[in-house]
Amino acid sequence: MAKSKMQASEKLLAWYDRHRRDLPWRARPGQRPDPYAVWLSEVMLQQTTVAAVAAYFQKFLALWPRVENLAAAPVEAVMQAWAGLGYYSRARNLHACAQKLVADHGGRFPEDEAELRRLPGIGPYTAAAIAAIAFDRPAIVVDGNVERVIARLWALETPLPAAKKEMPGLVAEIAPRQRPGDFAQAMMDLGATICTPRRPACVLCPLSGECAARKLGAAQDFPRKAAKKPRPSRRGAVFYLRRADGAVLTRTRPPHGLLGGMEEFFGADWREDFPANPDMPAFGANWAFAGEIDHVFTHFALKLSIFVGEAPRGAPAPEGGRWRGAADMKAAALPSVMRKAEARAHKFLSARLA
DNA sequence: CAGTCGTGGGC
DNA sequence: TGCCCAAGACT
């Protein structure tokens, strides 16, 4: 190990002391972090931007200030509060984790990384992050930021994701004995603000003198990445049924899988070979085409045809469905794709009225 | 281990 | 418009 690499952590921590981000879930320097807040923020931040998380974090903390409160809440309330943030299995696991913490750990977070790892929704990254940040344990934290910083620091030729298994060892080479929590957060802050995916600000980087990719003049070309697969397209239909009294028909999706446990409008299955003229459902009448919406999921793109229909006052909900009043709809656990469909239906209805 | 699992912003 | 991506977990 080169001596310059051993000094990297000192430079990084000095930089962190001056330039650390002030984030809602982050404790002030010298203050004890709240493990509950650390855990909550880390789960929300999985594959999710700081900007998107901030408001949800505040909302959850206001609704459920302590893990006991979250554990006592109905899971439907948690799903509803999570609606719009994506990756909904996180919300279900969050709730399950809270209940397990209360039932098996007296409402306290274990400090040990391996013990944390056993809890639902807590994987290798989150376990290490909680151990390091909340308890200042010497855990090696590797997230996407860290992978990028490390790949550039060593001009690592191994492409991601294959390089993932080398990462903990490489991080350990520069990890300091002291301040493991600050070191972890410093690496992530550096990746988020200086060592960015595009146009990294190497001129401002405290590690530029030790960076092999920088020496090659090719920081932006790291990390190497495996070619990605094309994203298939699917089509489907949404049947937005409005009753004469203004209530709207919805249902709840099965608890697991895509948008698991979230609410939706009735619709036809999403498939690549979707029929050009799908059958309208038996319930409802006067079905009218309200337009299409596009939505992109991680592993497929979706185009939905929106149909608006009417039902008479007092019409019963079909099997598995429920009527929601207008005010009730605002609080429903609708994922973003369904909010988009709802907006299209509203636009169509207001245009038809005019 | 490669596939599944959301969303919104930036360029 | 299309592509990239953002503090990954689970199977």
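Convention: sequence-line order gives letters A, B, ...; per-chain numbering from 1.
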Counting only side-chain N and O atoms of [X], is one of them less than 4.0 Å from OP1 or OP2 of [N]?
| X | N | value |
| --- | --- | --- |
| A:K229 | B:dA2 | no |
| A:H295 | B:dT7 | yes |
| A:H299 | B:dG3 | no |

Which residue pairs satisfy the salt bridge (Lys or Arg N to Asp or Glu O under 4.0 Å) criterion with at least one member in [range], sequence neighbours excluded?
| range | result |
| --- | --- |
| residues 247-262 of chain A | A:R251-A:E264, A:R253-A:E264 |
| residues 141-156 of chain A | A:E147-A:K164 |
| residues 235-247 of chain A | A:R235-A:E292, A:R243-A:D245 |
| residues 56-84 of chain A | A:R66-A:E68 |

- Could you check whether A:P335 gets within reach of a base, just the sugar-phosphate, or nothing at all, counting any heavy atom under 4.0 Å?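 Since only primed, P, OP1 and OP2 atoms lie under 4.0 Å of A:P335, the category is sugar-phosphate.
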- Base, sugar-phosphate, or nothing for A:V337, non-hydrogen atoms under 4.0 angstrom?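 Sugar-phosphate: the residue A:V337, judged by heavy atoms under 4.0 Å, touches backbone atoms but no base.
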- Item | Pairs involving residues 108-149 of chain A, ordered by first then second residue, that meet ring-ring contact (aromatic ring centres under 6.0 Å, His included) (sequence neighbours left out) |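 The answer is A:W39-A:F109.
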- Which ILVMFWY residues can you reach from A:W323 by hopping between side chains whose heavy atoms are under 4.5 Å apart?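 For the cluster that includes A:W323, the remaining residues are A:F239, A:L241, A:L249, A:F266, A:M280, A:F283, A:W287, A:F289, A:F307.
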Inter-nucleotide [atom1] distance ([N], [M]), Å rounded:
| N | M | atom1 | value |
| --- | --- | --- | --- |
| C:dA7 | B:dA2 | C1' | 23 Å |
| B:dG6 | C:dT11 | P | 14 Å |
| C:dA6 | B:dT4 | P | 22 Å |

- Determine, for nucleotides 5-11 of chain C in 5'-to-3' order, which nucleotides have protein heavy atoms under 4.0 Å from the base (write B), from only the sugar-phosphate (write S), or from neither (write -). SBBBSS-
Rounded distance (Å) that lies between atom [atom2] of [N] and atom [atom1] of [X]:
| X | N | atom1 | atom2 | result |
| --- | --- | --- | --- | --- |
| A:M338 | B:dT7 | CE | C1' | 14 Å |
| A:W82 | B:dG6 | CH2 | P | 12 Å |
| A:Y56 | B:dG6 | OH | C1' | 11 Å |
| A:L302 | B:dT7 | CG | P | 11 Å |
| A:R234 | B:dG3 | CZ | P | 13 Å |

- Task: Could you tell me which residues satisfy side-chain hydrogen bond (donor to acceptor under 3.5 Å, both in side chains) with A:Y240, sequence neighbours excluded, listed by chain and number?
- Result: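 Here the qualifying residues are A:H346.
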- Task: Answer whether the closest heavy-atom distance between the side chains of A:P110 and A:L101 falls below 4.5 Å.
- Result: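 The answer is yes, as the side chains (C-beta and beyond) meet within the 4.5 Å cut-off.
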- Could you list by number each residue of residues 248-270 of chain A showing a heavy-atom separation from DNA chain C of less than 4.0 Å, or answer none if no residue does?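 Listed by number, there are none.
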- Check whether the side chains of A:Q46 and A:R90 place a donor and an acceptor atom closer than 3.5 Å, and report yes or no.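 Per modelled atom types, A:Q46 and A:R90 side chains form no pair under 3.5 Å.
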